[in-house]
Amino acid sequence: MHRTYIGQISDKKDGDEVHLFGWVQEVRKLKKLSFIVLRDHTGNIQITIKPENVSTYDEITNVNRESVLSVIGHVSLNSGAKSGVEITAKEVEVLNSSEAPLPLAIFEGIQSDFETRLNNRSLDLREPSHNLIFRIESSLLWGIRKYMHEQGFQEVHTPKIVASATEGGANLFRVKYFERDVFLNQSPQLYKEMLMASGMDKVFEVGPAFRAEEHNTVRHLNEFTSIDIEMSFCDHNEVMKILEESVNSGLRVVFERFGDEVKKINPDLKIQTIPFPRVTYRECIYLLSKEGVEAKFGEDFSPEQLRLIGRHFPGFYFITEWPSEVRAFYTMPKPGDPDVTNSFDLQYGQWELTSGAQRVHDPKMLENRLIEKGLNPEDFNFHLNAFRYGMPPHAGWAIGLERLTMILLNLPNIREVCLFPRDRTRVVP
RNA sequence: GCCCCGAUAGUGUAGCGGCCUAUCAUACGAGCCUGUCGAGCUCGUGACACGGGUCCAAAUCCCGUUCGGGGCGCCA
């Protein structure tokens with residue numbers, strides 16, 4: 001007999017025999033019979049165990065919570081069960097017993113500290129609401145991937161071990177690589193641009209990015225999953241369109257699969273009409289000044305300033321035309337207005353989700369931009385070489401998967417959206 | 001890196017100078033019990049992060065350490 005998932009029992013008829021596998025959520029032991037609530041990742045169900053039917057009765061009814069069981073029994077639709085359906089057990093086997101007591105509270109109406117939960121993450125993830133986050137994240141990513149394939153993007157994988165530590169901006173983790181030191185890549189940026197020179201035209205990558213920054217906030221991780229795209233023969237406007245549509249594609253899959261659950265978690269979430277609003281950096285400064293908050297041109301917005309701006313744009317919106325000072329060397333200056341760039345951030349309220357831009361494709365200009373940023377073009381030869389023999393104009397963006405999931409589900413901490421988060425102090429489990 | 005806050009049974013908490021041989025819930029153990037379903041009832045088990053100080057007296061006040069939380073900064 002094949003395994004039946006608990007979620008499939010609703011399709012069964014009274015008396016159907018099923019073989020279930022799962023974890024013991026609760027044992028209710030009475031004098032003449034016992035009940036076990038069995039759980040798998042699709043739901044839970046009450047199992048009725050009577051001593052006259054089940055030879056392992058004593059062992060089963062004394063089993064610790066969260067032990068793993070195999071249960072063969074038949075579906076009872078008209079039993080006394082409050083939920084309407086239960087399984088009358090015929091054969092029950094303990095596949096593996098759990099130790100007691102458990103190191104954290106699950107299914108007890110007690111919220112353990114997040115630290116306790118992370119220290120016991122596998123157990124913590126048995127809690128359906130915690131588990132759900134990752135099934136939603138997976139669906140979101142699938143929707144984005146699906147859209148990318150539909151648009152003719154090719155999924156690629158670029159190295160995470162890199163030689164250069166001088167890309168500017170974020171700090172990199174140094175690691176041993178045989179007889180020398182190398183670094184964990186902070187982004188696939190340079191590599192995906194090099195692929196534009198290969199003629200691949202449209203690429204995307206989903207992979208880890210590492211940032212050796214000592215930030216200690218609820219929205220930063222030192223290792224996160226970056227969704228990157230790069231596209232040839234286009235400017236920033238075209239990749240913004242791709243971004244809007246891919247986010248909506250991800251959301252559509254989430255709503256198809258988890259619509260009811262998502263509505264409970266974040267009732268405000270909906271699929272937003274395209275195009276998302278666009279506001280320039282300069283307009284944001286003006287908006288802030290009207291509220292009596294001074295923002296200096298050429299500086300990033302502080303969290304407080306972003307909260308104020310976010311109040312004007314409740315859902316997704318783009319902040320465009322960032323000053324060159326706050327954008328990376330490869331960002332294309334705006335023609336005729338070189339103080340700003342052909343760049344954008346996708347925001348959701350106060351939260352920054354994506355950075356993107358049209359890139360510089362002229363090698364001479366790129367070299368000058370490196371020098372302007374105080375970087376040494378020598379260190380970027382491997383990258384500049386790709387620009388010398390016919391680099392097409394191109395643009396792209398990167399979005400943090402955890403950030404996106406976090407803000408869509410309105411979760412208070414990015415670590416909730418990461419299975420095994422890496423932050424300033426945590427590298428275990 | 002800076003600022004603020006915290007650390008009490010397995011878990012989550014109350015207590016914030018003597019009333020603490022420390023509260024409650026849950027868990028765990030033993031028993032009772034009704035087809036139970038947040039099961040119920042009885043009994044039991046189990047904790048003041050570490051080091052120093054103040055005081056007649058410290059879980060409680062002070063100092064330091066460690067660990068943790070939040071905000072800011074940093075952050076292609």
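These figures come from a predicted structure and were not determined experimentally.
Contact annotation for Arg403(A): no contact, since no heavy-atom pair falls under 4.0 Å across all strands. Among the atoms of the strands shown, none is found under 4.0 Å from any heavy atom of Arg327(A).
Rounded to the nearest Å, the gap between the C1' atom of C24(B) and that of U36(B) is 26 Å. Distance check on atom P: A58(B) versus G70(B) gives 35 Å, rounded to whole Å. Only the P atoms considered, G31(B) is 33 Å distant from C20(B), to the nearest whole Å. Going from the C1' atom of A49(B) to that of C32(B) covers 40 Å, rounded to whole Å. Spacing of C1' atoms, A9(B) relative to G29(B), comes out at 15 Å, to the nearest Å. The separation of C43(B) from A59(B), taken at their P atoms, amounts to 29 Å, rounded to a whole angstrom.
Taking the centre of each ring, Phe297(A) and Tyr281(A) come in below the 6.0 Å mark.
The side-chain contact (heavy atoms from CB on, under 4.5 Å) check on Glu299(A) picks up Lys296(A), with sequence neighbours excluded. In this structure Phe233(A) satisfies the side-chain contact (heavy atoms from CB on, under 4.5 Å) test together with Asp201(A), Pro392(A), Pro393(A), sequence neighbours excluded.
Checking the phosphate oxygens (OP1, OP2) of C72(B), a side-chain nitrogen or oxygen of Arg307(A) falls inside 4.0 Å. For the pair Arg65(A) and U26(B), the criterion of a side-chain N or O lying under 4.0 Å from OP1 or OP2 is not met. A sub-4.0 Å separation between OP1 or OP2 of U36(B) and a side-chain N or O of Thr48(A) is absent.
Side-chain polar atoms of Tyr57(A) and Ser34(A) form a donor-acceptor pair below 3.5 angstrom. Judged by distance alone, the side chains of Glu86(A) and Thr48(A) do bring a donor and an acceptor atom under 3.5 Å apart.
A perpendicular orientation is assigned to the rings of Phe210(A) and Phe173(A), their planes being inclined by more than 60° (bins at 30° and 60°).
Applying the side-chain hydrogen bond (donor to acceptor under 3.5 Å, both in side chains) test between Arg327(A) and each of Asp345(A), Asn342(A), Thr341(A) identifies Asp345(A) as the sole match.
Here U11(B) presents its C1' atom at 5 Å from CD1 of Ile110(A), a figure rounded to the nearest Å. At whole-Å resolution of the value, CG in Leu306(A) and P in G71(B) are 14 Å apart.
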Close N or O pairs between protein and nucleotides 68-70 of chain B (under 3.5 Å):
{"from": "G70(B)", "atom 1": "OP1", "to": "Asn413(A)", "atom 2": "ND2", "distance (Å)": "3.1"}

